[in-house]
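Reading through the structure tokens given below for one structure.
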Amino acid sequence: MTGNPKGLNPKPASDLDPDHIYQRMTDGWKLIESFANNIDIPTIAAVNGPGVHTEFAMMSDVTLAAPDADFMDPHFWLGSPPGDGQYMALQALMGPKRAAYYIYAAKSIPADKALEWGIVSDVLPREELLDRSWELARFIMKRPRYTRWATHNIVSRHWKKSVAEDFGFHMAHQMLANVASKSRVPDPELLADSEARKLF
């Protein structure tokens with residue numbers, strides 16, 4: 001998505017040019033839609049450490065993670081609704097009630113919990129992630145092309161439904177709230193409020 005690579009927007013979204021806002025929204029929207037709808041091959045993700053926007057990894061057919069990987073969505077903590085994909089993935093994989101708590105409390109999910117809750121497929125030492133990914137890819141490639149295609153479409157069907165039914169609603173609400181709030185996202189004051197976050 002277009003924006004400041006350091007992660008802080010220089011001014012509130014309400015002060016941005018409408019074409020820029022539109023571009024930011026459609027960039028994020030089309031990336032998620034394309035990932036869900038336009039990749040017709042099995043997908044394998046290797047998460048080699050902590051990060052924030054891991055929705056593509058979580059939406060892959062198989063997700064392998066290093067022991068220090070963690071998963072979270074800090075949007076609400078930083079003053080924005082969680083609408084651009086990360087929460088949708090967490091909600092689908094860990095359930096709506098648990099995901100809501102982790103959104104409101106800005107809690108991170110360590111790799112062992114992510115495995116227990118179905119967010120990742122396996123946790124491996126970092127140095128084994130790529131080798132295991134390639135082993136699995138070679139195993140998959142030995143199956144007939146139509147089998148690979150059909151299997152990916154079967155196992156990723158729930159993502160197509162989530163994107164079609166919910167993602168546009170999520171994304172539009174995030175962008176609307178960001179414009180209406182008239183504050184910077186992430187809000188520097190909320191970012192600095194890490195002590196309150198530790199309560200959870």
Side-chain angles (χ1 to χ4, degrees), residues 1-16 20-29 31-32 35 45 47-60 63 65-120 123 159 162-163 166-200:
M1 294 179 67
T2 56
N4 186 330
K6 293 181 180 176
L8 289 172
N9 294 313
K11 54 188 175 181
S14 56
D15 294 344
L16 296 173
H20 180 76
I21 294 171
Y22 171 79
Q23 191 64 53
R24 290 181 80 169
M25 183 176 76
T26 56
D27 280 355
W29 198 324
L31 282 171
I32 297 286
F35 188 83
V47 183
N48 64 355
V52 176
H53 268 292
T54 53
E55 60 266 36
F56 294 109
M58 291 189 287
M59 292 172 67
S60 294
T63 307
D68 66 336
D70 70 44
F71 301 83
M72 76 171 301
D73 187 328
H75 284 85
F76 185 78
W77 168 34
L78 301 175
S80 175
D84 56 7
Q86 183 81 354
Y87 175 68
M88 180 188 71
L90 288 171
Q91 184 183 44
L93 295 171
M94 64 192 282
K97 186 62 72 174
R98 183 179 284 151
Y101 177 58
Y102 275 73
I103 288 295
Y104 283 123
K107 290 173 66 72
S108 65
I109 303 158
D112 59 340
K113 282 287 184 198
L115 178 60
E116 180 185 335
W117 292 342
I119 295 169
V120 300
V123 176
W159 291 122
S162 291
V163 168
D166 296 325
F167 184 61
F169 179 87
H170 291 194
M171 191 68 160
H173 276 71
Q174 178 179 357
M175 297 306 290
L176 174 62
N178 288 349
V179 171
S181 71
K182 298 190 178 295
S183 64
R184 289 167 60 193
V185 176
D187 184 321
E189 290 182 21
L190 295 175
L191 180 61
D193 189 19
S194 57
E195 288 305 311
R197 187 172 156 254
K198 289 176 186 173
L199 295 174
F200 301 103

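Both backbone and side-chain heavy atoms feed into the values below; hydrogens, waters and symmetry mates do not.
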Exercise. With a 4.5 Å limit on heavy-atom distance, are the side chains of Val47 and Val120 in contact?
Worked result: no
Problem set entry | Asp68: salt bridge (charged side-chain N to carboxylate O under 4.0 Å, His left out) partners, not counting sequence neighbours | Arg126
Exercise. What closest approach, in Å, do Val123 and Ala111 show between heavy atoms, and which atom pair accounts for it?
Worked result: CG2-O, 3.6 Å
Exercise. Considering all heavy atoms of both residues, which atom of Tyr101 and which atom of Lys107 are nearest to each other, and what is their separation?
Worked result: CE2-CD, 3.6 Å
Exercise. Does some side-chain heavy atom of Ile32 sit less than 4.5 Å from a side-chain heavy atom of Met171?
Worked result: no
For this session: Could you tell me whether the side chain of Asn178 reaches within less than 4.5 Å of the side chain of Pro81, counting heavy atoms only?
Result: yes
Problem set entry | Expected output: side-chain Thr63 to main-chain Ala45 donor-acceptor under 3.5 Å | no
Exercise. In chain order, what residues pass the side chain to side chain donor-acceptor pair (under 3.5 Å) check against Ser162, with sequence neighbours excluded?
Worked result: none
For this session: Report yes or no: does Gln174 contribute a side-chain atom to a donor-acceptor pair with the main-chain N or O of Asp84 at less than 3.5 Å?
Result: yes
Exercise. Going by heavy atoms in the side chains, are Gln91 and His170 under 4.5 Å from each other?
Worked result: yes
Exercise. What distance separates Leu176 CG from Ser181 OG, expressed to the nearest 0.5 Å?
Worked result: 9.5 Å
Problem set entry | Distance in Å, Met88 CE paired with Phe169 CZ, rounded so as to fall on 0.5 Å steps | 14.0 Å
Exercise. To the nearest 0.5 Å, how far apart are OH in Tyr22 and CH2 in Trp29?
Worked result: 9.5 Å
Exercise. For the atom pair OG (Ser183) and CG (Leu190), what is the distance rounded to the nearest 0.5 Å?
Worked result: 7.5 Å
Problem set entry | Ring center gap for Phe71 and Trp117 short of 6.0 angstrom | no
Exercise. Quick one: side-chain contact (heavy atoms from CB on, under 4.5 Å) partners of Val179, sequence neighbours excluded?
Worked result: Ala13, Ser14, Ile21
Problem set entry | Residue pair Val185 / Ser80: nearest heavy atoms and the distance that separates them | CG1-CB, 3.6 Å
Exercise. So, for Tyr87 and Pro82, which heavy atoms are closest and what is the spacing to 0.1 Å?
Worked result: CB-O, 3.4 Å
For this session: Rounded to the nearest 0.5 Å, what's the gap from OG on Ser60 to CD on Glu55? Could you check?
Result: 10.5 Å
Problem set entry | Side chains of Leu90 and Ile119 in contact at under 4.5 Å (non-hydrogen atoms) | yes
Problem set entry | Closest non-hydrogen atom pair between Ala106 and Trp77, with its separation | CB-CB, 3.5 Å
Problem set entry | Mutual orientation of the aromatic rings belonging to Phe56 and Phe35 [parallel < 30°, tilted 30-60°, perpendicular > 60°] | perpendicular
Exercise. Can you name the closest pair of heavy atoms from Met59 and Ala89 and give their distance?
Worked result: CG-CB, 4.3 Å
Exercise. Does Gln86 use its side chain to pair, donor to acceptor, with the backbone of Met72 at less than 3.5 Å?
Worked result: yes
